[in-house]
Amino acid sequence: MSEVTAIRGMRDILPEEALRWQFLERTVAAVLAAYGYGEIRLPVVEKTALFKRSIGEITDIVEKEMYTFDDRNGDSMTLRPEGTAGCVRAAIQQGILSTPQRLWYMGPMFRYERPQKGRQRQFHQTGVEAFGVATPDMDAELILLCARLWRRLGLTDCVELQINSIGNARARKAYRDALVDYLQAHADALDADSQRRLHSNPLRILDSKSAETQAILDGGPTLEEFLDEEADTDFARLCELLNAAGVAYTVNQRLVRGLDYYNKTVFEWVTDKLGAQGTVCAGGRYDGLVQQLGGKSTPAVGFAMGMERLVLLLAEQGAVAEAATVDVYVVAVGADAEVMALVATERIREENPQLRIMQHMGGGSFKSQMKKADKSGARVALIWGENEVAAHAVTVKSLREGTVEGPAQSTVPLIELDSTLCALIAS
RNA sequence: GUGGCCGUAGCUCACCAGGUAGAGCACCGGAUUGUGACUCCGGAGGUAGCGGGUUCAAGACCCGUCGGCCACCCCA
């Protein structure tokens, strides 16, 4: 193995897997278009301050997972670890928030973490953000959009929806204080991670995987008790809308999101088919972020989905039929035959733009070229040799029909090539 | 950052109480004239991740290091 290898956690996607990616991306784009969302293309690098101010200074992402470096002017830049911050920045900067905006983007994100199943250092997200609507019908639309996407992807059976309301910042702080008070009394019974989080990020203790910790939490205060009335009624309305639309969900009171900017509604689509990485898509409301980043106060909701995880799920489901790479393989032996084949192949492409034709390159015997034709998966081989050149003809051979004794092939004048080919492909 | 497992041909793996490597697949060529698939024959391809140690002798044992996978943490 060469010493020049890809960076840890940054992988290559080979053509076979890329087919799955194309299917995913195509489907995502189609569903978003069906709801009137517009694509926005954003830089991969932003000023470091943007992420510190939006994601939160004390989060793991900002503290230890960002790819940050100084550019030649000495300004601190960061490879985006998530998309919302950049999208909000762009929306403010471009002045497009005077009216509601529905936006989406797709692309690579970067987080310096230990790679594992469903987690890469360069990973890909599709982000969807809706600005300017404060009411929970907007939250519902986003969730319905997801549900439709899962249906189109054939993933409905492997994901489920969890929702929660985490209220405004004041309610969360009050709850956090109450939770810390309560847990401090049981501190020595908590698992080690949770003890640490008691000081760093108490809300995160809620989704601790420790059974003892969860048992302790059962006796503690709940976030719900601290929610203001508006959060309550909005959440109830969201549930009502989801019920009416027939979207199943479970309310998970322990669901909190890792990024500081969320408020009110949060939701996650989770799966049990991806090992430790259960979350496939997650988001929520972030009504304060636009103003926090210097824009006019603008309500917003959004979510991001992890494309690697969705591709893994698709693979798991065997959801994508494997497409043959080419329809026709062109074999040519001899310098003159190669010329005739090249010209004829170009003409066929001109007249049949949808046809996938691969011409053999690099020479070789009929035998070796035919082997390549077979391997290519093509249904038809077009063959040129001395005889065809002399007769101004081409041999058309079916690679999928016929027997060893009587291969289905015929030599036809060049003028009849198109009709012969079309008949074969159509059959 | 922490832990477990792993690192032998392009790929998937084997061998071995420690004595300088093998299979399957893939690849290339052949089985009489210009033709694939199945079959048969032949061929090419590895400084056994890297460095050090133990030993007469190490891919096999020990240490370190790098890399991979999975999990923790965290998150999409």
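Chain naming here is simple, since letters A, B, ... match the order of the sequence lines and numbering starts at 1 in each.
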What is the distance, rounded to the nearest whole Å, between atom [atom1] of [X] and atom [atom2] of [N]?
| X | N | atom1 | atom2 | answer |
| --- | --- | --- | --- | --- |
| A:Leu14 | B:C11 | CG | C1' | 12 Å |
| A:His360 | B:U35 | NE2 | C1' | 13 Å |
| A:Glu386 | B:U35 | CD | P | 13 Å |

Practice problem: Grab the two heavy atoms, one from A:Cys281 and one from A:Cys146, that are nearest each other, plus how far apart they are. | Solution: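 Looking at all heavy atoms of both residues, the shortest contact is SG-SG, 3.9 Å.
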Quiz prompt | Within residues 261-282 of chain A or reaching into it, pairs that qualify as salt bridge (Lys or Arg N to Asp or Glu O under 4.0 Å) - sequence neighbours excluded | solution = A:Glu230-A:Lys264, A:Asp234-A:Lys264, A:Arg257-A:Glu268
Under the side-chain contact (heavy atoms from CB on, under 4.5 Å) rule, collect the residues that match up with [X], sequence neighbours excluded.
| X | value |
| --- | --- |
| A:Tyr67 | A:Met10, A:Leu79, A:Phe110, A:Tyr112, A:Arg121 |
| A:Glu416 | A:Val412, A:Pro413, A:Ser419, A:Thr420 |
| A:Ala171 | A:Asn168 |
| A:Gln22 | A:Leu19, A:Arg26 |

All N/O contacts under 3.5 Å from nucleotides 30-33 of chain B to the protein, with atom names and distances to one decimal?
none

Quiz item: When you check every protein heavy atom under 4.0 Å of nucleotides 68-76 of chain B, what one-letter string (B, S, -) results, 5' to 3'?
Solution: S-SBBBBBB
Quiz item: Using the P atom in both, what is the distance from B:U8 to B:G46, to the nearest Å?
Solution: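 Straight-line distance between the two P atoms is 15 Å.
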Quiz item: Considering only the C1' atoms, how many Å lie between B:A17 and B:A9, rounded to the nearest integer?
Solution: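 That atom pair is separated by 27 Å.
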Self-check item: Pairs where residues 101-111 of chain A contributes a residue and the test side chain to side chain donor-acceptor pair (under 3.5 Å) is met, not counting sequence neighbours
Solution: A:Arg102-A:Glu141, A:Tyr105-A:Glu129
Quiz item: What residue pairs, at least two apart or across chains, pass side chain to side chain donor-acceptor pair (under 3.5 Å) with a residue in residues 50-63 of chain A?
Solution: A:Asp60-A:Lys64
Quiz item: Counting a pair only when it is Watson-Crick or G-U and both distances are under 3.5 Å, which runs of at least 3 such pairs involve RNA chain B?
Solution: B:1-7 with B:66-72, B:10-13 with B:22-25, B:27-31 with B:39-43, B:49-53 with B:61-65
Quiz item: Who are the side chain to side chain donor-acceptor pair (under 3.5 Å) partners of A:Lys375, not counting sequence neighbours?
Solution: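 So A:Lys375 forms no side chain to side chain donor-acceptor pair (under 3.5 Å) with any residue.
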Practice problem: Taking salt bridge (charged side-chain N to carboxylate O under 4.0 Å, His left out) as the test, write out the residues that go with A:Lys367, two or more places apart. | Solution: none
